[in-house]
Novice: 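This is the structure, below, for whatever I ask next.
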2 protein chains.
Amino acid sequence: MAGTGGRRERLRAETTAEIKQVALELMASGGPDAITLRAIAREIGMTANAIYGYFATRDDLITTLINEVYTALADTVDTAWQNAPVDDPAGRIQAWAQAFRGWALANPEGFRLVYGDPVPGYQAPAGGPAPDAAHRVCTGIAALADAAWPYAERRLPAHSDFQWSDFDDGLLAKVRPAFPDLPPAGVALALRIWGHLHGLVSLEIYGHLRTQMIDADKLFQEEIVQLVRSLGIEPEGRRPSPASG
Amino acid sequence: MAGTGGRRERLRAETTAEIKQVALELMASGGPDAITLRAIAREIGMTANAIYGYFATRDDLITTLINEVYTALADTVDTAWQNAPVDDPAGRIQAWAQAFRGWALANPEGFRLVYGDPVPGYQAPAGGPAPDAAHRVCTGIAALADAAWPYAERRLPAHSDFQWSDFDDGLLAKVRPAFPDLPPAGVALALRIWGHLHGLVSLEIYGHLRTQMIDADKLFQEEIVQLVRSLGIEPEGRRPSPASG
DNA sequence: CGAGCGACTATACGCCGTGAAGTTTCTATA
DNA sequence: TATAGAAACTTCACGGCGTATAGTCGCTCG
């Protein structure tokens with residue numbers, strides 16, 4: 001067989017990349033539904049069946065796309081919150097939330113692809129289509145929860161009984177080494193924060209907020225402020241010390 | 001034309017009902033994607049084109065189904081929270097949240113139909129497919145927010161500047177007469193609560209929580225407790241008076 | 001009784017995913 | 001360098017989809 005630099009393999013990689021890129025363009029212009037093998041082939045100048053040489057089935061292609069799009073989302077939000085000062089946990093949470101919603105608004109079809117029913121009849125593989133990217137996103141929020149934990153802990157009275165066994169091992173493999181001081185309840189807090197923000201963005205992207213409210217942005221900004229406040233850290237770096245509560 | 005009780009009209013109503021029921025059965029067993037005119041016709045014993053005598057297009061049928069399913073959801077949650085004691089706002093919120101998630105878990109395909117990308121290529125009509133049901137759901141949460149408002153108000157410091165003009169007129173037409181003491185910020189609070197709960201349930205229904213957590217129920221129960229607490233009302237009726245804060 | 005209308009079928013078109021079989025083109029080896 | 005084989009791609013085919021058009025049957029009412 002040819003080595004890594006073989007001509008054939010290079011062409012193959014290029015064609016694979018082109019298929020994916022055309023698929024993403026179709027999705028951006030016509031929604032996830034527009035991702036059809038025939039449309040991709042038409043655009044590239046191939047026969048639909050030729051794509052089967054690169055992806056075993058349409059669902060395989062979709063899964064790959066979900067992976068890439070989800071990874072792009074994770075990159076975006078990670079970059080955003082990591083660019084905020086380390087000593088400003090409230091600012092980091094704000095950055096995460098704004099980046100998450102901003103990405104969703106800029107890539108609504110991508111959001112639907114990752115978080116919705118992507119495409120007619122699509123069946124995600126066992127363990128989800130993009131577990132790594134999902135864990136990355138959750139780990140990002142866990143970082144925010146970890147930074148806020150000294151403040152938030154006292155706001156979450158000790159009735160919650162989360163244990164490590166409640167969580168997915170793949171997630172914990174990333175979270176526990178990175179944030180050794182974050183207890184199970186802290187991970188639960190991270191997931192709840194994720195849920196809060198995902199809920200509003202999801203309602204907005206799918207048009208359910210628009211039928212209730214003119215300006216979804218205002219609602220989201222309020223949500224961020226209240227989220228930060230509920231964690232016991234004030235926006236814009238003005239926050240009490242953990243000791244003074 | 002025949003009167004309201006005419007034989008023809010009765011038969012027509014029966015066939016219309018049968019089409020919708022078969023569609024819902026197909027959805028329950030095979031997901032929203034399974035709702036195809038041809039499958040419905042096959043099940044009923046008609047030709048696919050015969051359905052065009054009852055619904056102008058497939059999207060029309062889908063819109064009707066969304067309306068019915070959304071209404072069923074609204075009925076369920078309304079019944080649930082209204083059955084809790086009036087003087088137990090925390091219990092009512094709990095009832096709403098449990099009923100919402102319970103309905104979603106019992107009717108995951110219905111949840112996807114209402115809140116997700118229902119069906120390949122479906123385009124919801126302007127104003128959303130089921131604005132009435134959506135407003136009913138939001139009005140229900142507004143009732144909960146209204147009951148909690150005397151307690152919650154002091155937890156939401158006065159930096160939010162919501163106005164009536166921020167919200168949809170159809171929603172306000174239901175909310176303002178029913179809860180004359182609830183200010184715009186209270187409606188915003190209701191929408192945020194909706195977002196919180198929708199987010200977690202949506203992540204769960206679409207399988208995104210399962211890749212992070214073993215027991216989504218535990219997370220949701222924690223969410224309810226913290227939600228009630230954040231509003232300043234204690235669970236199970238033990239709550240401070242608004243005056244004592 | 002007969003005209004008209006409503007309910008329904010038959011046929012057809014262009015989409016879709018995908019399987020089977022055939023063809024071309026490149027590559028590795030004898 | 002000749003050649004066997006693999007890889008890339010095409011052609012043809014099948015069944016499913018929404019839906020447009022035209023035609024058919026039977027009930028109902030004047």
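A, B, ... follow the sequence lines: proteins, then strands. Residue 1 opens every chain.
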Novice: With sequence neighbours excluded, what pairs up with D217(B) under the side chain to side chain donor-acceptor pair (under 3.5 Å) test?
Specialist: R101(B), Q221(B)

Novice: State which residues pass salt bridge (Lys or Arg N to Asp or Glu O under 4.0 Å) with R136(A); sequence neighbours excluded, sorted by chain then number.
Specialist: D75(A), D78(A)

Novice: Not counting sequence neighbours, list each pair that qualifies as a ring-ring contact (aromatic ring centres under 6.0 Å, His included) and has a residue in residues 16-66 of chain A.
Specialist: none

Novice: Please round to 10 degrees the angle between the axis of the first five pairs and the axis of the last five pairs in the helix from dC1(C)-dG30(D) to dA30(C)-dT1(D).
Specialist: 10°

Novice: How many whole angstroms separate atom CZ of R10(B) from atom C1' of dA7(C)?
Specialist: 16 Å

Novice: Round to a whole Å and report the spacing from CG of L61(B) to C1' of dT19(D).
Specialist: 14 Å

Novice: Check the distance between dT25(C)'s C1' and L11(A)'s CG and give it to me in whole angstrom.
Specialist: 12 Å

Novice: Check nucleotides 15-17 of chain D against the protein and report each pair of N or O atoms closer than 3.5 Å, with its distance, or say if there are none.
Specialist:
| unit_1 | atom_1 | unit_2 | atom_2 | d |
| --- | --- | --- | --- | --- |
| dC17(D) | OP1 | T36(B) | OG1 | 3.1 |
| dC17(D) | OP1 | R42(B) | NH2 | 3.2 |
| dC17(D) | OP2 | R42(B) | NH2 | 2.5 |

Novice: For D60(B), enumerate each residue passing the salt bridge (Lys or Arg N to Asp or Glu O under 4.0 Å) test, keeping only those at least two apart in sequence or located in another chain.
Specialist: none

Novice: Sequence neighbours left out, what passes salt bridge (Lys or Arg N to Asp or Glu O under 4.0 Å) with D166(A)? Give chain and number order.
Specialist: K218(B)

Novice: Rounded off to whole Å, could you give me the OH-to-P distance for the Y122(B) and dT19(D) pair?
Specialist: 13 Å

Novice: Can you tell me how far the CG atom of L191(A) sits from the CD1 atom of I141(A), to the nearest 0.5 Å?
Specialist: 7.5 Å

Novice: Please report the distance, rounded to the nearest Å, between CD1 in I62(A) and P in dC16(C).
Specialist: 13 Å

Novice: Round to the nearest Å and state the distance from Q123(B) atom CD to dG18(D) atom C1'.
Specialist: 15 Å

Novice: What protein N or O atoms touch nucleotides 20-22 of chain C N or O atoms at under 3.5 angstrom, if any, and at what distances?
Specialist:
| unit_1 | atom_1 | unit_2 | atom_2 | d |
| --- | --- | --- | --- | --- |
| dA20(C) | N6 | N49(A) | ND2 | 3.3 |

Novice: Checking contacts here: which listed nucleotide (dT9(C), dA8(D), dT11(D)) is nearest the side-chain heavy atoms of M46(B)?
Specialist: dT9(C)

Novice: Enumerate donor-acceptor pairs with a distance under 3.5 Å from any side-chain N or O in residues 13-25 of chain A to protein atoms, sequence neighbours excluded.
Specialist:
| unit_1 | atom_1 | unit_2 | atom_2 | d |
| --- | --- | --- | --- | --- |
| T15(A) | OG1 | L11(A) | O | 3.0 |
| T16(A) | OG1 | R12(A) | O | 2.8 |
| K20(A) | NZ | E68(A) | OE2 | 2.8 |
| Q21(A) | NE2 | E25(A) | OE2 | 2.6 |

Novice: Only counting residues at least two apart or in another chain, list the ones meeting side chain to side chain donor-acceptor pair (under 3.5 Å) with R58(A).
Specialist: none

Novice: What are the two closest non-hydrogen atoms of F167(A) and A188(A), and how far apart are they?
Specialist: CZ-N, 3.7 Å

Novice: For T15(A), answer base if it contacts any base atom (sugar-phosphate contacts may also be present), sugar-phosphate if it contacts only those atoms, and nothing otherwise; contact means non-hydrogen atoms under 4.0 Å.
Specialist: nothing

Novice: Which nucleotide wins on minimum distance to the side chain of R12(A), given the candidates dA8(D), dT10(D), dT18(C)?
Specialist: dA8(D)

Novice: For residues 189-213 of chain A, which residue pairs qualify under ring-ring contact (aromatic ring centres under 6.0 Å, His included), counting only residues two or more places apart or in two chains?
Specialist: F111(A)-H198(A), Y115(A)-H198(A), H196(A)-H196(B), H208(A)-Y115(B)

Novice: Taking atom C1' of dC15(C) as reference, at what distance in whole Å does atom CG of L26(A) sit?
Specialist: 15 Å

Novice: Name all residues meeting the salt bridge (Lys or Arg N to Asp or Glu O under 4.0 Å) criterion together with K174(B); count only those two or more places apart in sequence or in a different chain, and write none if there are none.
Specialist: none

Novice: Can you measure I51(B) atom CD1 to dT19(D) atom P for me and round it to whole angstrom units?
Specialist: 11 Å

Novice: Looking only at heavy atoms, what is the nearest atom pair of E109(A) and A28(A), with distance?
Specialist: CG-O, 4.2 Å

Novice: Quick one: label F55(A) by what it contacts on the DNA or RNA (base, sugar-phosphate, nothing), any heavy atom closer than 4.0 Å.
Specialist: nothing

Novice: Does dT21(D) have its OP1 or OP2 closer than 4.0 Å to a side-chain nitrogen or oxygen of Y52(B)?
Specialist: no

